[in-house]
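Okay, so here's the structure we're looking at.
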Amino acid sequence: MKAYMEKMDETYRNKNYPQGSFFEKAAKENRRGNMILAVMAGIVSAALAALLLWMVSLVQYHSGQGNDESVKVGLIFMAVVAAVLALCLFGLVMAVRHIRDGVGDVMKKASKNCGLTEEELREFDRQAMQSDSYVLSLTGKLSAAMAGQKDGILTRDYIWLGDTRSSILKRQDIVGASLYHWYYYVNKKRVRSLNLALLNKDNVMASAEVKEEAGRELMALLAQENPAIKLNQGILEEGKEFDRWREEHTKAKS
């Protein structure tokens with residue numbers, strides 16, 4: 001698995017985690033993303049507000065001319081523009097609200113998402129930066145960029161596949177692993193990607209796009225150190241087949 005899993009060395013750590021912390025980097029990226037979103041939402045909101053004012057003046061003009069049909073059409077368009085403007089303003093408010101989110105806020109979101117305590121997440125952060133952890137490059141650089149996926153991290157006790165939601169799992173809690181096909185659309189064309197799903201005892205799932213060889217080797221490695229993990233040898237299809245696989249593990253727990 002050398003091509004997909006490399007030791008966390010000082011060069012990689014300094015380049016990708018200059019603060020020496022997974023969550024410090026996540027907080028920085030969160031701030032940058034919200035700043036970009038706030039600027040974009042502000043620009044679009046200003047343009048929509050200007051358009052709405054122009055439409056108001058136009059409706060008033062046609063109303064004065066007695067053009068009732070034009071007024072009705074204008075009011076419909078105004079309602080649509082006003083609704084979109086409200087959504088943009090909401091996005092602007094939320095972005096501004098979260099610009100100042102720090103490490104603690106990011107950890108709270110991650111804790112809610114993956115079910116780990118903040119203390120466990122701090123332990124993951126500590127282990128992730130150590131030289132005995134591994135960097136996981138489970139798919140090609142282009143595919144990862146298109147999926148918004150980063151290099152994952154495998155530590156002594158935890159695994160993160162590189163997803164944007166920081167779905168960090170405790171290795172000893174993983175009960176199932178499988179490859180599955182996930183479908184999405186690009187320019188109305190249906191595209192298929194191969195993903196790896198890791199499921200823990202609390203039905204929390206971590207997922208990321210993988211090359212088949214990398215996914216199978218990682219599954220085998222995890223199961224080798226934790227025989228309780230049930231590996232699905234085939235490739236599941238998104239939808240009912242995949243849902244049944246998850247339900248089987250949930251029923252097994254209960």
>> Looking only at side-chain N and O atoms, does E241 offer a donor or acceptor that is under 3.5 Å from a partner on Y180?
In response: no

> Is a side-chain N or O of N226 found less than 3.5 angstrom from the main chain of A228, in a donor-acceptor match?
Replying inline: yes

> Which residue pairs pass the salt bridge (Lys or Arg N to Asp or Glu O under 4.0 Å) test with at least one member in residues 171-184, sequence neighbours excluded?
Replying inline: R171-E225

>> V103 and side chain to side chain contact (heavy atoms under 4.5 Å, CB included): which single residue from R122, E24, K108 fits?
In response: E24

>> Classify the ring geometry of F124 against F22: parallel below 30°, tilted from 30° to 60°, perpendicular beyond 60°.
In response: perpendicular

>> Please check this pair: side chain of N14 against backbone of E10, looking for a donor-acceptor N/O pair closer than 3.5 Å.
In response: yes

> Does a donor on one side chain and an acceptor on the other come within less than 3.5 Å for S207 and D163?
Replying inline: no

>> One pair to check against side chain to side chain donor-acceptor pair (under 3.5 Å): E238 and H181. What are the steps and the verdict?
In response: CA-CA 6 Å; E238 179 191 23; H181 286 135; over 6 Å; no

>> Name the residue from K170, Q172, Q127 that meets the side-chain hydrogen bond (donor to acceptor under 3.5 Å, both in side chains) definition with D157.
In response: Q127

> Above 12 or not: heavy atoms from other molecules or residues under 6.0 Å from CZ of R165?
Replying inline: no

> With a 4.5 Å heavy-atom cut-off, do M219 and L179 have their side chains touching?
Replying inline: yes

> For Y183 and E237, what are the C-alpha separation, side-chain angles and deciding distance, and is it a side-chain contact (heavy atoms from CB on, under 4.5 Å)?
Replying inline: CA-CA 9 Å; Y183 296 88; E237 292 296 313; 2.6 Å; yes

> Excluding sequence neighbours, so at least two apart, what forms side chain to side chain contact (heavy atoms under 4.5 Å, CB included) with I99?
Replying inline: N34, M35, A38

>> When you compare the side chain of D125 with that of M107, does any pair of heavy atoms fall below 4.5 Å?
In response: no

>> Other residues, nucleotides and ligands only: do more than 12 of their heavy atoms fall within 6.0 Å of CZ on F90?
In response: no

> To which residues is M40 joined in a hydrophobic cluster, defined by side-chain heavy-atom contacts under 4.5 Å among Ile, Leu, Val, Met, Phe, Trp and Tyr, whether direct or through other members?
Replying inline: I36

> If you measure from the Lys or Arg side-chain nitrogens to the Asp or Glu carboxylate oxygens, is any gap between E123 and R126 under 4.0 Å?
Replying inline: yes

> Is the side chain of W245 donor-acceptor paired with the backbone N or O of E248 at a distance under 3.5 Å, no angle test?
Replying inline: no

>> A quick test of your reading: do over 12 heavy atoms of other residues, nucleotides or ligands sit less than 6.0 Å from NZ of K112?
In response: no

> Is it the case that more than 12 heavy atoms not belonging to K109 sit under 6.0 Å from its NZ atom?
Replying inline: yes

